[in-house]
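Worksheet: one structure, shown below.
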Amino acid sequence: MRYLLLFACVAALLSACRSADATAAFDVPTAAPIFSDTALREAQRVAADFLNAWRLENFSAMHALLALNSRDAYPLPDFEAFYRAAHARLTLKPEGLRYNFASAILRGAEAAVAYDLRFETSSFGSFEDKDRIMRLVNTEEGWRVAWSRGDLFAEMADGAVLDVIQSRLTRGNIYDREGEVIADMNGITLAVTLLTRSYPTDNPEACFAELARVFPARSAETLARLLSGNTGRDFAYEVGVIAQERFFEVREALERHCTLRYEARPTRRYLMGDFAPHVIGYIGAIPAEQVELWEKRGYPRDALIGLDGVERQLESVLSGQGKASLVLRRDGVVVRTLAERPGVPSQSVYLTLDRRMQAETQRILEQAFTVGGLGTISPGAAAVVLDVNTGAILALANYPTFNVEAFNPNSSLPNAQALIRQWMNDPRKPTFNRATLGQYPPGSVFKIVSMAAGIESGLFTPNTRYYCSGIWNGTPIGDRTRTDWIASTPAGRHGSITLKQALTGSCNTYFWHLGWTLSNSDPEILPDVARKLGFGKPSGMTDLPEAVGLLPEPSRYEQLVGRKWRNSDALNAVIGQGDVVVTPLQIARMVAAIANGGYLYKPYVVEKIGIISEPSFIAKPEAERLDFKPETLAAIREAMCEVTTNRTLGTATFVFEGLRGAVVCGKTGTAETPTGGTHAWFAAFAGKTAESPEIALVVLVERSGEGSAIAAPIARRLVEAYYQLTPTTASTN
C-alpha cells in the first residue's frame, strides 16, 4: 500500500507545477506514462552513481551528473560549499550514507526515483529520511539529475534551512580533595550591546573609541565602519562580553558616551587563578582551525572548551552535552525535526590535590627563586609530591608559574592580554608543565635504577665490593679515562665500598664498573629494569598529558643512531646521562615504588567525578607489582636513608641535619645538560619513620648546580611543609 501511494505521489510530482527553484525550467510532458525497463534501469543507475558519489563526498562527480540547467544555477564551488556546510551541520560520518531504492517511474523524458536514505552522524546517531524523490531528465549527455536544494531535504526547496537547536549546560565545578572549590560557574559576565538610536554626547566616535579601549578586539575604526550608518535607527549590536568586576570599573566611562544594554550570563570563575595552574588548566574559545572538528562533536561554534590541564583532559565530563534537535526551519519556525540527541549532564571533578600542600609547594619554589637567588641562575623548576600507597598526586608545581584567569575569555583581569603575551614571550616558559612534560637527563638519581639492575642481574649483590677511586681508567678495555666528582674533593676517593655504599656516596667509578659489567653480559639488562620502573613508556595516566622520556635501545642502536652499541655507551646511561631522558613525575613514581615495597602505581590527579553525593567515578589505585627480589628493594631503601644520615658517605647529610618529626630517605642528582650547566635533582620518600613512608617527592631545578646544594634544601622544606614542622636555619638557608 505504501508504495502504491508513493507511486501516485511520484506521478503527481511529475505532472504538477514546479517550484520556483532551479528546476523550474524543465518542461513536464503530459503524455501517459511509458514504462521502459531499459530506460528506468539507466535512470536508476545514474541515481545510484549520484548517491554513491555523495556517500564518498565526491562533490565534483555529483555535480557532473546534474542536468545542464542545474549546473548553471549551482556552479561547482557553490554546490560543494552547500553540501559541506550540510555535512558539518549533520556531523555526517565518513561514508555515512546508506540508501535503498523503493520504486521508479518514467514519463517521457523524465524519471522519478523513490528511495529511502539513512544518515550516520556523530552527534545524532542514525536517522532515516524515507520516501525521498530524485528527479532525472534524459538529455544529450544521458540521464541527469534535475537537482535542487530539495534533494538534500524536500523542505529546503521552499527555503527551509538545516539547523541545530540545543540547550547549553552549566560547566561542572573543580574541587580539591577536601571538596573546596577551585573553579566554578558562579562568575557573572555581562554581554554589552550598543543601541545606536542616540548617543548621550551626540558623539558616536567618542563612544566607539571608549568601546575599543574596553574591548581590544574591536577597533574604533571597525566599529565606526559597521555602525555609523545606523545612528538614529533602532539598531542593536553586541560588542562583547565583560566580567562583572571589570564592568564596574569601566561603566561610568562607557555610559558617558554610549547607550548600552546589558545581559547577565554565568561564566567560569577560578577562585585562585594561580593555584595549580598547570594541573587545573583553563577554558577558551574553540581554535579557528578546530571549529569543524568540535561541531562534529556536537559543540556550537561559539562554545568555550577546556584548552589545558584537567579542563582539557576532562572536557566531555565537565561540559556535558545539552539536548539537541536537528531541524528544518523556515522563517524561524521548525517545519520538521529530523533527529534528536538526548542531553548528558555535566559533572564536577574532585582532585587529589591537597590544597595546603599545593599552595606551600608553589610558595617554596617561588621563594627559592625570588628570595633564595635561584632566579639569577636557573630558568625554572618543578616539584611533585605523591602518596606512596596510591599514586595520588598531592602537589604538582612549576616555577615560573602563571594565572589561568588571564586565559578566561571573560577574565576579570584588566591586563589579561598583556599578561598572556608576556608569558608566551618569556623564554622560561611559565605555562609549560615541567613536572609531567619536561624531559631531562636524571644524573645520579638514575643510579637507583642501575643498582636495581645490578642486583636483579645476579652479577652483583648489595654487598659486592669495588674500589672506588676518583679515576676510571677504561683504556685497557676499550673505553677512556673518566674522572669522578670525588676526585676534586680533599678525600679524592671513596675506597673499597659496597654497592649500597656506592649509591649512598654516589660513586661514579663504582657505577661505571657496574655499567660495563652489565653491558658486557647483556646490554638490555639496564633498559629492561628501567622500563619495569616506569621509564621510557607512558604511565597510563589520563588526567594530565605526560611525556615518556627516552631509554637506550642497544638492539636497535645502529638503526636509530647509525652505529653499533658500545659498552662505553652503557657507562653514560648507568649514571643517568647519554641516552637517558626522564620526567620529574617518572622519578617520583619510581621512588614511590621503592618506598612501598615494589608497587609501581599509575599516578592520578582525579579522585572522583559526579554530581554532589552521586559519584559516577571513584578512582581506584592501579599498580604493577615489580618482580624484584626483596633484597633489591630493601638495599635501595637502606642506601637512600643513608644519603641523609651517613656523615661519611651521605651526599645530603648536611642538608637534613636537625630535622625532627619526619625521616627523609633520598638520592641527589647532578645532571650535565647538552647546552651547558647542570640540572639539580633530589628524589626522596618520607614518613614519620623510615619503615612507614607516606610520600614520595622530587625536586628538579634546571641548570642550577648540584643536587645536594640546590634541590635537596627545597625538598627538605617540602617535607617540613607536609608534616607542618617548624623550618630550621638549615632548611631556610
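Every heavy atom of this structure was used, including side-chain atoms; hydrogens, water molecules and symmetry mates were not. A quick note: this is a predicted structure, and the numbers were derived from the prediction, not measured.
Looking only at side-chain heavy atoms (C-beta outward), R716 and P727 stay at 4.5 Å or farther from each other. Using a 4.5 Å cut-off on side-chain heavy atoms (C-beta onward), M185 and R268 make contact.
The shortest non-hydrogen separation linking L544 to L396 is CD1-CD1, 4.3 Å. Closest of all the heavy-atom pairs between P379 and E702 is CG-OE1, 3.2 Å. Here the closest non-hydrogen pair linking Y299 and Q166 is C-NE2, 3.9 Å. What you find for A397 and Q358 is that their closest heavy atoms are CB-NE2, 4.1 Å.
For the pair R177 and Y350, the cation-pi test (distance below 6.0 Å, angle within 45°) is failed. For the pair R625 and Y599, the cation-pi test (distance below 6.0 Å, angle within 45°) is passed.
Atom CD of E706 sits in a sparse spot, with 12 or fewer heavy atoms from other residues, nucleotides or ligands closer than 6.0 Å. Within 6.0 Å of CZ in R312 there are 12 or fewer heavy atoms belonging to other residues, nucleotides or ligands. Heavy-atom contacts from other residues, nucleotides or ligands closer than 6.0 Å to NZ of K629 number more than 12. With a 6.0 Å radius and a threshold of 12 heavy atoms from other residues, nucleotides or ligands, E292 has its CD atom at or below the threshold.
Note: E366 CD to T361 OG1 = 12.5 Å, rounded to the nearest 0.5 Å.
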- Message: As a quick check of understanding, evaluate side chain to side chain donor-acceptor pair (under 3.5 Å) for T668 and T651, giving each step before the final call.
- Response: CA-CA 7 Å; T668 55; T651 55; 2.8 Å; yes

- Query: Is there a side chain to side chain contact (heavy atoms under 4.5 Å, CB included) between L659 and L725 once you walk through the steps?
  - Reply: CA-CA 9 Å; L659 180 65; L725 307 175; 4.0 Å; yes

- Test side chain to side chain contact (heavy atoms under 4.5 Å, CB included) applied to L353 and F275, step by step: CA-CA 10 Å; L353 293 181; F275 178 82; 4.2 Å; yes

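A side-chain contact (heavy atoms from CB on, under 4.5 Å) with F535 is found for exactly one of V548, V580, I587, T583, namely I587.
In this structure, the side chain of N398 does not engage the main chain of T401 through any donor-acceptor pair within 3.5 Å.
For F432 and F402, the distance between ring centers is not under 6.0 angstrom.
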